[in-house]
Amino acid sequence: MSSSLAAPGPALELIASLEKELVARGFEVHSSPFGYYKSFKVAVKGHPLSELSREIVAESAAAGKEDVSEAVKAEAKLVSHWHILEPTGHMHHLSIKDGKVSGYPFEGHDRLQKFATYEMAKSREAKEEPAHVRLMQELELVDYEPGSDPGNLRYYPKGKLIKGLLEEFIGERVREYGAMEVESPVMYDFEHPALKSYLARFPARQYIVQTPNKRAFLRFSACFGQFLIMKDMVISYKQLPLPLYELTRYSFRAEQRGEVAGLRRLRAFTMPDCHALVSDIEMAKEELMVRFDVAWGILEDCGLSMPDDFEVGMRVTQDFWNAHKDFVVAYAKRWGKPILVEMWSEQFFYFVQKYEWNFVDGNDKAAALTTDQIDTENAERFGITFTDEDGKKRHPLILHLSPSGAVERVLYALLEKAAAAAKAGTPPMLPVWLSPTQVRIVPISEDQLEYAKSLLPRLDGIRADLDDSNDTLGKKIRNAEKEWVPYIVVIGKKEIEGGTLNVRVRQTKEQTEMAVDALRHRIANETRGRPSRPLAEPAFLSERPIFRG
RNA sequence: GCCACCGUAGCUCAGCCGGUUAGAGCGGCAGUUUCGUAAACUGCAGGUCCGGGGUUCGAAUCCCUGCGGUGGCUCCA
């Protein structure tokens, strides 16, 4: 019994020899080739977990899977030690018993405790659907696409607007940091020698594509594309550190069916990926902290609170810790609150150090956004070199940064944060620069419609739309609030006569009088330094179709 | 991938221990209303009850199977 069956030929031989052997031992034997018994039942009385053990192989048969079993064996030997490192440099060793983490007084650090428990105990207690799933649908941003594969989503105009803005923004910041933007293919040859050994460790997660003449896999990150570019580049030590950037739309991972969830875990996702070549470990540490600040600024300006909304998972090898303890401590100090450190007895992966910033959501689930790694292996594997001061070719180290994490996860975090705000009694909303409608103009009755229309050109550069339905005022306000519109402008007789705007501000729940220019300046201030796009749908609500309901 | 639960109108859901033409609210459309800060009124239209197969005189309802979703397990380079 196996999920990876041999060809029919060997099976027939096997049946024949089994029959012969059994007859020789005096059994009465009937045999039939497979295919004759497509339908039968095997009832096994045993422990429920026995269902997880499906593969039954003779020992010698396992030899054919050397690459895989080597990695599996190595990983099984991996010993992790867990710690909490305080910004002061104090280290607390953690232990776990019955799903409870101890060794550190977590008072005031609830989410760090949840994150540590999530990582160490793998405990999942959520019973509810994640809050962002309902929100992404109700706000007509993103939805499931049953016509595709699980974890491949459809974006409605408002969702595409937000995603596009995030992508533009992240790209701008990474280019400002100095990264050169490139683009690489989404699929790669299974038989490419440089990719083969890398892939052999993770054979089960790829989407497979049959091209006209080869089997290919869809990329799960920008690593290959950038490494293959880098191996052909001619690089001097003077040019280091040297960062390349690509926005992968998409990266594909054929996650197991039950692991796919909303915007949190997808099979196709948009990954900003920035690899930098550095000459040695000292430059790596220095550059890592430069990128730390870039990533910090991006998440903060996307509307997340730094560092409050995140918990650090820092993974280091024992050797790296021994040699660079001061660096890890300085990192914790820069972060400003305690971090979770996982220490590995040996280096089993291609990196010696890695960190992630994890968002802990309302169901106590953690999702990694920003991550950066110090890779000591792949330059050699892919043949990436630079010429050093002595004119000799050397392999650089490679830093793997995703400055924001997957763009979908940024949206996930924003929606979960909004849901948490709603639960706490404050109005849920997106940052103004990401709000699909920034200003909703609401005439009280038809008499004010023409005047209301004349305001649209005066709000140039702002996503302002107009509710031209003949709903009552209360209904129009309600509809705008349901869409999380940050500024609702009500136009009645008074406003036409006075020439000012009556603005209902979502953030503060207040109503204020202000001039058109004052509103413009207010929004310009709130969106400064972020990209802008026009409305994703017609300005008049009566001209908008419904995408979901 | 494994286990459990779920899938009825555009949306949210009722109906489901088998039995008339499958219901409601919201939304849509038409008309009335022209309103001062989170839901005006009346009428009309709208359904492959997720797909396929089976049991039955008869299936939205029971069984099998596929697809999709949620939770848990596993996993998250």
Side-chain angles (χ1 to χ4, degrees), chain A residues 3 39 48-55 71 75 118-119 122-130 133-134 137-138 140 143-152 198-206 219-221 223-224 251 253-262 264-267 269 271 313 315 348-351 354 356 358 363 365-368 371 373 375 377-378 400 402 406 409 427 440 442-449 469-483 485 488-495 502-506 509-511 542 545-549:
Chain A
S3 53
S39 177
L49 288 177
S50 65
E51 287 170 3
L52 294 172
S53 312
R54 277 163 293 122
E55 187 122 339
E75 212 170 338
Y118 184 88
E119 285 290 318
K122 314 286 184 192
S123 91
R124 308 294 142 85
E125 283 162 18
K127 293 212 161 61
E128 291 171 25
E129 172 174 274
V133 172
R134 185 168 275 256
Q137 294 172 327
E138 282 181 357
E140 288 194 320
D143 214 336
Y144 294 115
E145 177 48 80
S148 181
D149 200 44
N152 288 255
Y198 193 44
L199 260 184
R201 299 174 69 176
F202 310 103
R205 293 281 171 66
Q206 270 51 257
R219 65 176 172 196
F220 50 79
S221 71
C223 296
F224 321 110
S251 285
R253 299 182 189 184
E255 306 291 12
Q256 294 186 74
R257 186 61 194 79
E259 294 164 3
V260 176
R264 193 167 71 88
R265 189 94 178 267
L266 295 162
R267 281 188 178 170
F269 54 97
M271 188 74 148
R315 330 274 164 173
F348 289 107
F349 304 109
Y350 57 77
F351 49 86
K354 161 192 179 186
E356 321 114 27
N358 293 275
N363 283 343
K365 298 204 176 199
T371 177
Q373 305 159 7
D375 173 354
E377 284 184 1
N378 280 311
H400 295 235
S402 182
R409 279 193 177 174
R440 166 76 40 88
V442 178
I444 290 181
S445 74
E446 257 170 47
D447 295 341
Q448 290 85 32
L449 190 55
S469 68
N470 63 355
D471 288 328
T472 58
L473 177 64
K475 185 64 165 291
K476 287 186 273 204
I477 298 284
R478 178 181 147 86
N479 286 338
E481 295 287 6
K482 278 170 65 184
E483 286 182 49
V485 175
I488 302 171
V489 171
V490 174
I491 299 296
K493 281 182 198 138
K494 275 186 274 177
E495 286 69 31
N502 179 297
V503 183
R504 184 180 160 116
V505 182
R506 182 176 181 80
K509 301 178 179 175
E510 61 182 352
Q511 281 176 51
S542 66
I546 291 165
F547 284 89
R548 191 176 188 275

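Per chain, numbering begins at 1; letters A, B, ... match sequence-line order.
Using a 4.0 Å heavy-atom distance criterion, A:Lys476 is classed as making no nucleic acid contact. Using a 4.0 Å heavy-atom criterion, one finds that A:Glu495 contacts the bases of the nucleic acid, with or without backbone contacts as well.
Side-chain contact check for A:Gln373 and A:Asp375: no donor-acceptor pair (N or O, by modelled atom type) lies under 3.5 Å.
Distance noted for atom P between B:C5 and B:G10: 28 Å (whole Å). Taking atom P on both nucleotides, B:C41 is separated from B:U61 by 37 Å, rounded to a whole Å. Annotation: B:C49 and B:C11 have their P atoms spaced 15 Å apart (nearest Å). The gap from the C1' atom of B:A9 to that of B:C50 amounts to 14 Å, rounded to the nearest Å. Distance check on atom C1': B:C35 versus B:G23 gives 33 Å, rounded to whole Å.
Side-chain nitrogen and oxygen atoms of A:Arg264 include none within less than 4.0 Å of the OP1 or OP2 phosphate oxygen of B:U70. An OP1 or OP2 oxygen of B:G72 is reached within less than 4.0 angstrom by a side-chain nitrogen or oxygen of A:Lys365. Remark: A:Arg506 is not in phosphate contact with B:A38, judged by side-chain N or O atoms under 4.0 Å from OP1 or OP2. Look at A:Ser445 and you won't find any side-chain N or O under 4.0 angstrom from OP1 or OP2 of B:U34.
Partners of A:Glu495 according to the side chain to side chain contact (heavy atoms under 4.5 Å, CB included) rule, which considers only residues two or more places apart in sequence or in another chain, are A:Ile491, A:Asn502, A:Glu513. Taking A:Arg440 as the reference, A:Asp465, A:Glu483 meet the side chain to side chain donor-acceptor pair (under 3.5 Å) condition, with sequence neighbours excluded. Applying the side chain to side chain contact (heavy atoms under 4.5 Å, CB included) criterion to A:Arg134, with sequence neighbours excluded, gives A:Glu129, A:Glu138. In this structure, the side chain to side chain contact (heavy atoms under 4.5 Å, CB included) partners of A:Lys475, at least two apart in sequence or on a different chain, are A:Asp471, A:Thr472, A:Asn479. In terms of the side chain to side chain contact (heavy atoms under 4.5 Å, CB included) criterion, residue partners of A:Leu473 (sequence neighbours excluded) are, by chain and number, A:Val442, A:Ile444, A:Ile477, A:Val490. Considering only residues two or more places apart in sequence or on other chains, A:Arg504 meets the side chain to side chain donor-acceptor pair (under 3.5 Å) condition with A:Glu481. Looking at residues two or more places apart in sequence or on another chain, you find a salt bridge (Lys or Arg N to Asp or Glu O under 4.0 Å) between A:Arg219 and A:Glu246.
Pairing for B:U42 is with B:A30, a Watson-Crick or G-U wobble pair whose two hydrogen-bonding atom distances lie under 3.5 Å. In this structure B:U37 sits in no base pair that meets the Watson-Crick or G-U test at under 3.5 Å. Using Watson-Crick or G-U wobble geometry with both donor-acceptor distances under 3.5 Å, B:G68 finds its partner in B:C6. Base pairing of B:C73 is made with B:G1, judged by Watson-Crick or G-U wobble geometry with both donor-acceptor distances under 3.5 Å. B:C13 is paired with B:G23 under the criterion used here, namely a Watson-Crick or G-U wobble arrangement in which both key atom distances are under 3.5 Å.
Counting distance only, with no hydrogens placed and no angle test, the side-chain atoms of A:Gln511 and the base atoms of B:G36 include no donor-acceptor pair under 3.5 Å. You won't find any donor-acceptor pair under 3.5 Å spanning the side chain of A:Arg253 and the base of B:C76, going by distance alone.
Here A:Glu259 does not pair with A:Arg253 in a salt bridge; the nearest charged N to carboxylate O distance is not below 4.0 Å.
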When you check every protein heavy atom under 4.0 Å of nucleotides 44-52 of chain B, what one-letter string (B, S, -) results, 5' to 3'? ---------
Quick tally for nucleotides 27-32 of chain B: nucleotides whose base has a protein heavy atom under 4.0 Å get B, sugar-phosphate-only ones S, the rest -, giving SS---B
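A donor-acceptor contact shorter than 3.5 Å links the side chain of A:Glu145 to the backbone of A:Gly147.
Of the listed nucleotides (B:G36, B:A77, B:C75), B:G36 has the atom at the smallest distance from the side chain of A:Lys494. Side-chain proximity of A:Arg134 to B:G1, B:C13, B:G71: nearest is B:C13.
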